[in-house]
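Counting convention: from 1, in listed order, for ligands and their atoms alike. Positions are given from 1 along the sequence.
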Amino acid sequence: MAPVSFLPSERLWSISAGELHYVLKVADDGSLINVHFGGRAEFGESIQLGGHFPFEPGLHLLREEYSTFGGLRFMEPCLKAELPGGVRDCVLKYEGHRLIDENGLSITLKDIGYNLLVDLHYRAYPQYNLVVRWAEIRNAGPGPVILEEVLSGAVSLPRRSSWRMTFLAGHWAGETKIVQEELRAGKKVLESRRGVTSHQLNPAVFFDAGDAGEEEGEVWGCLLAWSGNWKCVSEYVGHDQLRVSMGVNDFDFSLYLGPGETFKTPKMVLTHSEGGFGALSRSLHRFERDVVLPRNNAKKPRPVVYNTWETLYFNVNEENLKRLADLAAEIGVEVFVVDDGWFKGRNDDRAGLGDWVPDPKKFPRGLGPVIEHVKSKGMIFGIWVEPEMVNPNSDLYRLHPDWVYHFLGRPRSEMRNQLVLNLCREDVREYVFGWLDRLLTENDIGFVKWDMNRSFSEPGWPDAPRERQREIWVRHVQAVYEILEELRRRHPNVIFEGCSGGGGRVDLGAMERFDQFWTSDNTDALDRLFIQEGFTMAYCPKTMGAWVTGVPNFLTNRFLSLEFRFHSAMMGALGISVNLLELSKNEIEEVKMHIDFYKKVRHIVQDGDLYRLKSPRTGEFAAFQYVTPEKTESLLFAFTLQQGFGKRMPNIRLRGLDPDLAYELDGSGQVFSGSYLMSYGLDLGIRGDYKSMVVYLKARK
Ligand code: GLA
């Protein structure tokens, strides 16, 4: 049976996507109701949508699919619109539907008084247990409509008096840490008001009954593909009904929809698993690799990067880059990335952003000689940029002080000594696209790290018509997306890394345009175990940039062995930012050995399935395992945390292997069956604090 089907007698749509089943129905009063969001179920017989009580609106409205501010509705609306004539009541009724193909469905709703249409789009991805939905608002009437809130959608979880919510929270240099909370009543709002996705919260939330584990139990997931202000409201609306709404944040927002104009919301991704958080993450990871990531690079391995940041900071020049590049090539680096500091007047973070030409003192002959040098060593040249920003101390700002977001006559708050360029303006967009395009056309650059190092403040756009001024939250993100898409189209061989002071802009919308992310400015290999664990809840390891950096770590002052640092970083897209000039001969040999090993096994990490065997949050030890889709190769990473006497690491039982295959350990000739490895496990015998080990398993033919 096709994933999407329609039962005309019941006016019921059924979207069946692997382990996720999503069912919608038109109620007697014409409103569109979510009947089911959960596991596989048979629908067809008459469905009761709930009764009425004298002091409440129709119970079925508690599960309305796209709720509005209008009529007897009191929950978080998906849509709050001001219709012509100052009408702030909007009530949507079923108008029609279209089965696009066997995986796609659109249902159209229309306001009862004005010609405002809402198309709800659904696409099923059965192989990933996932449905993607979004809404399109069309003003088909003669007057203007002001949208004060316009979310991507809301879902109704099965009725339960309590739910556990799992989400990713943190701060700069401590992103994506897993937090769990019980919900019983009221509203829990997660959001960003910073203009970007944010370090503090990430638009990926998971729900379970409180009993799901890594590999067992039912889990629901909702993610938003949007890199600007967002909001996720989990609200108990009564009668044990939890609704989860997600979309562009309505805070300080409004959108003007003239006659004939349309607004398309970001996509909301819904998923469900019967196999705990682990299975849910693995489906998401596969979906990201197969569908979300930019197609041109999706199947290619992520290269081993050398990044100059934690070695040279702003002090880059032709000479020191060449010296570093020689060593980088020697240890096996594939892309040599010059981070911040290369452009005019950039000696610290107080000046230069906006003036995107090589600094004449540091690069009297331009970037050409360095690029040629890097290429002559067999590496790709990469560069850091921060296109959305300007330092007041720059030629660009002196020339165009009106090019930043600001309110007339008000202060312009600086963060990291910089201001945000107003990409809603066409001239600013042209300038930004122009220099980026020229940089990539005139130089042989194969990797761009696109950074974004501050939150928005004073988000004014004085030149815009008043009714459009609060659209900046959406228009800015759209502009970033458009610039990236056009750059990718013109320079298809370039790999783009997304960064926002580390992981401040990690989401599925960014992942459609960036091949990988800079996960966090925190490069302490132990802290990273926590950050990376959370990151992989929602996002695939292929996109998880992870560097090995120097000791003591600049943030934590911690000394960890080179081996531990490598093992931690090898669990994602490996990079190096160690000062190679300071390493001993032995250390260089060790670095070479690790990089060489990573290159041989990176396909397992980058394109395999991840099993989070033991969370570092347990405080004892941590273990992560990767398995190729064919189950013929696997990697096990294990890390001790603090070990007291008598706290010996137990056998680590592997997962995801073929029980009947024989696996050889590290090419040692030692062979174990898959069933043995999964039932009895491996006794790694690691002793001591902060020790680590990687084990490579290969099935024997
Ligand atoms: C941000 C990034 C770092 C580095 C610096 C450069 O903090 O996350 O990796 O690029 O900017 O200023």
Legend entry - Leu396 side, atom CG; Lys344 side, atom NZ - distance, nearest 0.5 Å: 10.5 Å

Legend entry - Any side-chain donor near an acceptor of the partner, Thr523 and Glu310, under 3.5 Å: yes

Inset, instruction - Check ligand 1 against Asp521 and write out every atom of the ligand that is under 4.0 Å from a heavy-atom position of the residue. - result: 1 (C), 2 (C), 3 (C), 7 (O), 8 (O), 9 (O)

Legend entry - Structural part of Glu310 in contact with ligand 1, heavy atom criterion under 4.0 angstrom: neither

Legend entry - Interfacing atoms of ligand 1 (cut-off 4.0 Å, heavy-atom, Lys449): 3 (C), 4 (C), 9 (O), 10 (O)

Legend entry - N/O separation below 3.5 Å, Trp547 to ligand 1: no

Inset, instruction - Provide the number and element of each atom of ligand 1 under 4.0 Å from a heavy atom of Asp340. - result: 6 (C), 12 (O)

Legend entry - Min side-chain heavy-atom separation Phe381-Val370 under 4.5 Å: yes

Legend entry - The single option from Trp226, Tyr481, Phe456, Phe253 passing ring pair (Phe, Tyr, Trp, His ring centres under 6.0 Å) against His476: Phe456

Inset, instruction - Show your working on side-chain contact (heavy atoms from CB on, under 4.5 Å) between Arg489 and Glu485 and close with a plain yes or no. - result: CA-CA 6 Å; Arg489 207 182 57 73; Glu485 282 160 18; over 6 Å; no

Inset, instruction - Answer side chain, backbone, both or neither: which part of Asn307 comes under 4.0 Å from ligand 1, heavy atoms only. - result: neither

Legend entry - Protein contact of atom 10 (O) of ligand 1 - nearest heavy atom, named by residue and atom, plus distance: Asp339 OD1, 2.6 Å

Legend entry - Enumerated ligand 1 atoms positioned under 4.0 Å from heavy atoms of Cys499: 2 (C), 8 (O)

Legend entry - Under 4.0 Å to a heavy atom of Trp518 - the qualifying atoms of ligand 1, by number: 8 (O), 9 (O)

Inset, instruction - Using a strict 4.0 Å cut-off to heavy atoms of Asn453, name the atoms of ligand 1 that fall inside it. - result: 1 (C), 7 (O), 11 (O)

Inset, instruction - Kindly assign one of parallel, tilted or perpendicular to the pair His400 and Trp403, based on the angle between their ring planes and the thresholds 30° and 60°. - result: parallel

Legend entry - Under-4.0 Å heavy-atom contact with ligand 1, by part of Asp349 that carries it: neither

Inset, instruction - Please indicate whether any nitrogen or oxygen in Gly502 is less than 3.5 Å from any nitrogen or oxygen in ligand 1. - result: yes

Inset, instruction - Report yes or no: do His406 and Asn422 form a side-chain donor-acceptor pair below 3.5 Å? - result: no

